[in-house]
Amino acid sequence: MTQNFVETAQAPGIRAALLRQAFADGKLLRVAGAHDGLTARLVAEAGFDAVWASGLEISAAHGLPDISLLGMGEFLTAAETIQRAVSLPVIADCDTGFGNDRNAAFTMMRYEAAGIAAVCIEDKVFPKRNSFVDSGQELLGAEEFGLKLRAAKDAQRFPDTVLMARTEAFICDLGVDEALRRCHHYVDVGADAVLVHSKAVESAEVLSFMDRWQHRAPVAIVPTTYVQFSVSEAKNAGIAMVIYANQGMRATVRAVRDAWATVLADGSTTAIESTIATVKDIFELSGMNQWLGNAK
């Protein structure tokens with residue numbers, strides 16, 4: 001089966017098992033963000049290990065900010081589109097679980113039924129703000145968030161599905177002790193992995209966390225701001241997953257903006273034709289030949 005004919009009815013849990021095996025083997029997973037089928041195929045083509053169904057990218061693709069304006073319907077539709085386009089495991093950014101503990105349970109049910117490998121829920125209050133907004137960041141109490149995680153775990157039906165608990169303790173300047181306290185509690189109530197988020201320009205926060213974590217569960221990071229932190233450094237620190245959550249969309253915005261500025265300035269597309277993808281490239285990414293070749 002080719003990349004462009006991914007099994008759309010793949011049984012839930014199959015790709016999740018790949019994630020769990022990678023965790024068990026101590027493999028460092030490199031993950032990139034996407035918001036639709038085409039961007040997911042670019043992630044797969046590049047050679048990443050999994051796709052992050054990015055909340056920021058999904059919101060921005062709707063022309064909206066990442067502040068919980070979209071609901072589970074839009075997020076799930078995007079994740080399902082990504083799931084159908086690639087054979088890689090999909091890790092779904094589910095913000096705060098779209099509400100309270102009942103909403104978190106329903107989120108797990110729907111995403112798991114779609115075959116999504118991992119569901120990531122964060123410990124901010126609903127509605128959330130994107131982590132890089134300078135003001136208005138607020139965390140849910142750790143015990144209350146633990147109830148939300150427990151509800152999601154209780155709703156899980158396939159043993160390999162990964163529940164990832166994301167703490168924003170560093171985003172809220174609460175320090176390593178609070179980040180550790182929260183993540184220990186989250187694992188105690190059922191989280192299979194934790195995502196420790198930081199917007200520092202250096203990796204010191206996440207490294208201080210890893211020094212004291214004792215490897216109770218796999219740890220994911222999102223080095224959006226501490227950009228010099230390499231995968232080899234992450235591996236040495238015991239980190240299990242590095243997520244490049246939004247660089248693909250940011251690269252696209254810059255490239256498209258520059259291309260259209262050139263077209264308007266020149267009055268033609270001549271200057272950009274050698275630097276943009278061909279129509280044939282788009283055909284190949286979307287599986288044109290396979291679809292036409294299999295048409296009856």
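Values below: all heavy atoms of this structure, side chains included; hydrogens, waters and symmetry mates excluded.
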Is there a donor-acceptor pair under 3.5 Å between the side chain of [X] and the backbone N or O of [Y]?
X      : Y      : answer
Asp93  : Ser54  : no
Arg182 : Thr167 : no
Glu112 : Met109 : no
Arg41  : Ala85  : yes
Gln156 : Met108 : no
Asp95  : Gly97  : no
Arg157 : Asp154 : yes
Arg15  : Gln83  : yes

(request) Run through the side-chain heavy atoms of Ile, Leu, Val, Met, Phe, Trp and Tyr, join any pair under 4.5 Å, and report what else lands in Val227's cluster. (result)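 Members alongside Val227: none; it stands by itself.
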(message) Taking transitive links into account, so neighbours of neighbours count too, which hydrophobic residues share a cluster with Ile243 at under 4.5 Å side-chain distance?
(response)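 In the cluster with Ile243 are Leu19, Phe23, Leu29, Val31, Trp52, Ile91, Val162, Met164, Leu195, Val222, Met241.
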(message) Tell me which pairs pass side chain to side chain donor-acceptor pair (under 3.5 Å) where either residue lies in residues 235-247, with sequence neighbours left out.
(response)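 Output for this query lists Asn246-Arg250.
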(message) Taking side chain to side chain contact (heavy atoms under 4.5 Å, CB included) as the definition, give me every residue that meets it alongside Ala271, ordered by chain and number, with sequence neighbours left out.
(response)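 So Ala271 forms a side chain to side chain contact (heavy atoms under 4.5 Å, CB included) with Thr262, Asp266.
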Spell out, yes or no, whether [X] and [Y] are grouped together once hydrophobic residues are joined by side-chain heavy atoms under 4.5 Å, including indirect joins.
X      : Y      : answer
Leu56  : Ile221 : no
Val125 : Leu149 : yes
Val206 : Val187 : yes
Leu180 : Leu174 : no

(message) Given Glu273, which partner from the list Thr270, Thr269, Thr275 fulfils the side chain to side chain donor-acceptor pair (under 3.5 Å) test?
(response)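 Answer to the side chain to side chain donor-acceptor pair (under 3.5 Å) test with Glu273 among Thr270, Thr269, Thr275: Thr269.
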Residue pairs fulfilling salt bridge (Lys or Arg N to Asp or Glu O under 4.0 Å) with at least one residue in [range], sequence neighbours excluded:
range            : answer
residues 183-210 : Arg20-Asp192, Lys153-Asp192, Asp188-Arg216
residues 44-67   : Lys27-Asp49, Arg30-Asp49, Asp66-Lys128
residues 67-78   : none

(request) Report the residues that fulfil ring-ring contact (aromatic ring centres under 6.0 Å, His included) with Phe132, sequence neighbours left out, ordered by chain and then residue number. (result)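 Phe132: ring-ring contact (aromatic ring centres under 6.0 Å, His included) contacts with His197.
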Nearest atoms (heavy-atom pairs only) where [X] meets [Y]:
X      : Y      : result
Ala78  : Ile58  : CB-CD1, 3.6 Å
Ile239 : Val219 : CG2-O, 3.5 Å
Pro65  : Ser59  : O-CB, 3.8 Å

(request) Kindly write out the residues that satisfy salt bridge (charged side-chain N to carboxylate O under 4.0 Å, His left out) with Asp177, not counting sequence neighbours, or none if the list is empty. (result)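 Arg212.
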(request) Not counting sequence neighbours, which residues clear salt bridge (charged side-chain N to carboxylate O under 4.0 Å, His left out) with Arg110? List them please. (result)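 So Arg110 forms no salt bridge (charged side-chain N to carboxylate O under 4.0 Å, His left out) with any residue.
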(request) Using a strict cut-off of less than 4.0 Å between a Lys/Arg side-chain nitrogen and an Asp/Glu carboxylate oxygen, indicate whether Asp123 and Arg166 qualify as a salt bridge. (result)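 Between Arg166 and Asp123 there is no salt bridge, as every charged N stays at least 4.0 Å from the carboxylate O atoms.
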(message) Can you confirm if the aromatic rings of Phe98 and Phe106 lie within a centre distance of less than 6.0 Å?
(response)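 Aromatic pair excluded; centres sit 6.0 Å or further apart.
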Side-chain donor-acceptor pairs under 3.5 Å in residues 251-261, sequence neighbours left out?
from   : atom 1 : to     : atom 2 : distance (Å)
Thr252 : OG1    : Gly248 : O      : 2.9

For residues 136-147, dump all side-chain donor-acceptor pairs below 3.5 Å to protein atoms at least two apart in sequence or in another chain.
from   : atom 1 : to     : atom 2 : distance (Å)
Gln137 : OE1    : Lys124 : NZ     : 2.9
Gln137 : NE2    : Asn130 : O      : 2.8
Gln137 : NE2    : Val133 : O      : 3.0
Glu143 : OE2    : Arg181 : NH1    : 3.3

(request) For the residue pair Asp211 and Ser208, confirm or rule out a side-chain donor-acceptor distance under 3.5 Å. (result)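 Absent: no donor and acceptor within the cut-off.
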(message) Between Glu80 and Thr77, do the side chains contain a donor N or O and an acceptor N or O under 3.5 Å apart?
(response)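 Note: Thr77 and Glu80 side chains miss the donor-acceptor criterion.
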(message) To the closest 0.5 Å, what do you measure between CG (Asp160) and CD (Gln21)?
(response)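 Output value for this atom pair is 9.5 Å.
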